[in-house]
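One structure below.
Not measured: the values here are computed from a predicted model.
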Amino acid sequence: MPSNIARLVSVNVGVPRNVEWFGRTVTTAIWKDPVAHRVAVRGVNVDGDDQADRRVHGGPDKAVYAYSVEDYAWWAGELGVPVLPGTFGENLTTEGIDLTQTVIGERWRVGTATLEVAQPRLPCFKLGIRMGDADFVEHFERAERPGAYLRIIDEGEVGAGDNIDVVARPTHGLTTVALASLQHDGNDALVELALSVESLPEGWRHTLEQRRARAARREQG
């Protein structure tokens, strides 16, 4: 099986808080701070972390969010200011692994936990709140640096400095950035590839099956 050693730069957690945004109060847990101790990863969460709206955040297919220092370095150049670990609300800040090229279903051994790449992040307006820019969501999508949501396969503990060992990588080749492109791209071949991936999250599967059905009706009609 493939092996690629990278490492955790930080583990970041946060709990919901109320913020004012365009005249209304919004509850969000996107503010995450690095912790100095080892943290348990179990159930559908990282200990000490929470989500404000579990209808769209959290759950088995969004249990842990990873973003890389390499992508933050790109954003620092783009924005003209340093961007620190945890800024985008990730639980794991990584180094040495290209998250845009991670494959859906790819598995990592991190500390004593095993995690599986489930899907890319499709940001909501709360990322704009965190960045103080309502247009930042579109900027994030155009950048094609979505990070990776991870499932918890084996519970364990993780901490800053842990190696990330890629212990399995499916051969189908569907990357997080390719899957993210299907939010707006009607590429039929890519839709079919995504639907062939056994570990594709059910939310994505439902959306893409509906898209395929609409396309079939158009061809018939």
Count I, L, V, M, F, W, Y as connected when their side-chain heavy atoms are under 4.5 Å apart, and connections chain through other members. Are [X] and [Y] then in the same cluster?
X: Leu190; Y: Val117; result: yes
X: Ile153; Y: Val110; result: no
X: Tyr149; Y: Val103; result: no
X: Val137; Y: Val177; result: no
X: Ile30; Y: Val19; result: yes

Between [atom1] of [X] and [atom2] of [Y], what distance do you get to the nearest 0.5 Å?
X: Leu193; Y: Leu174; atom1: CG; atom2: CG; answer: 5.0 Å
X: Leu127; Y: Arg121; atom1: CG; atom2: CZ; answer: 5.0 Å
X: Leu115; Y: Asp154; atom1: CG; atom2: CG; answer: 9.0 Å
X: Lys62; Y: Gln51; atom1: NZ; atom2: CD; answer: 10.0 Å
X: Thr207; Y: Arg212; atom1: OG1; atom2: CZ; answer: 13.0 Å
X: Leu200; Y: Leu208; atom1: CG; atom2: CG; answer: 6.5 Å

side-chain contact (heavy atoms from CB on, under 4.5 Å) between Leu79 and Met131, worked out: CA-CA 11 Å; Leu79 301 174; Met131 300 304 291; 4.0 Å; yes
Taking the side chain as every heavy atom from C-beta outward, state whether [X] and [Y] have any pair of such atoms under 4.5 Å apart.
X: Ile104; Y: Ser199; value: yes
X: Val158; Y: Leu8; value: yes
X: Glu106; Y: Ile97; value: yes
X: Trp108; Y: Val167; value: no
X: Val26; Y: Ile129; value: yes
X: Leu122; Y: Pro146; value: no

Check: [Y] main-chain N/O paired with [X] side-chain donor or acceptor under 3.5 Å:
X: Asn163; Y: Asp165; result: no
X: Arg38; Y: Glu157; result: yes
X: Glu155; Y: Gly43; result: yes
X: Lys126; Y: Pro123; result: no

Determine all donor-acceptor pairs shorter than 3.5 Å in which one atom belongs to a side chain in residues 80-94; sequence neighbours excluded.
unit_1, atom_1, unit_2, atom_2, d
Thr87, OG1, Leu84, N, 3.3
Thr87, OG1, Leu84, O, 2.6
Glu90, OE1, Tyr72, OH, 2.6
Glu90, OE2, Tyr72, OH, 3.2
Glu90, OE2, Gly86, N, 2.7
Glu90, OE2, Thr93, OG1, 2.6
Asn91, OD1, Tyr65, N, 3.0
Asn91, ND2, Asn12, O, 3.3
Asn91, ND2, Asp49, OD2, 3.0
Thr93, OG1, Ser10, OG, 3.1
Thr93, OG1, Asn12, ND2, 2.9

Pair Arg151 + Glu116: basic N to acidic O under 4.0 Å: yes
Sidechain N-carboxylate O distance under 4.0 Å for Asp162, Arg7: no
Looking at every non-hydrogen atom in both residues, tell me the closest pair between [X] and [Y] and how far apart they are.
X: Ala134; Y: Phe22; value: CB-CE1, 4.0 Å
X: Gly147; Y: Leu99; value: CA-CD1, 4.2 Å
X: Ala194; Y: Leu179; value: CB-CD1, 4.3 Å
X: Gly156; Y: Thr112; value: CA-OG1, 3.3 Å
X: Thr102; Y: Ala148; value: OG1-CB, 4.2 Å

Those residues that, when tested against Gln210, pass side-chain contact (heavy atoms from CB on, under 4.5 Å) (two or more places apart): His206, Arg214
With Trp204 via side chain to side chain donor-acceptor pair (under 3.5 Å) - residues at least two apart: Gln119
Qualifying residues under side chain to side chain donor-acceptor pair (under 3.5 Å), relative to Thr175, sequence neighbours excluded: none
Evaluation steps, side-chain contact (heavy atoms from CB on, under 4.5 Å), between Glu70 and Asp98: CA-CA 8 Å; Glu70 291 85 357; Asp98 184 353; over 6 Å; no
Derivation and outcome, side-chain contact (heavy atoms from CB on, under 4.5 Å), residues Ile152 and Arg42: CA-CA 7 Å; Ile152 299 170; Arg42 55 190 171 187; 5.7 Å; no
Arg107 versus Thr114, side-chain donor and acceptor atoms under 3.5 Å: no
Any donor-acceptor N or O pair under 3.5 Å, side chains Thr27, Asn18: yes
Evaluation steps, side-chain contact (heavy atoms from CB on, under 4.5 Å), between Leu182 and Val191: CA-CA 7 Å; Leu182 285 176; Val191 169; 3.8 Å; yes
Pairs involving residues 127-148, ordered by first then second residue, that meet salt bridge (charged side-chain N to carboxylate O under 4.0 Å, His left out) (sequence neighbours left out): Asp71-Arg145
Non-neighbouring partners of His139 that pass ring pair (Phe, Tyr, Trp, His ring centres under 6.0 Å), sequence neighbours left out: Trp75, Phe136
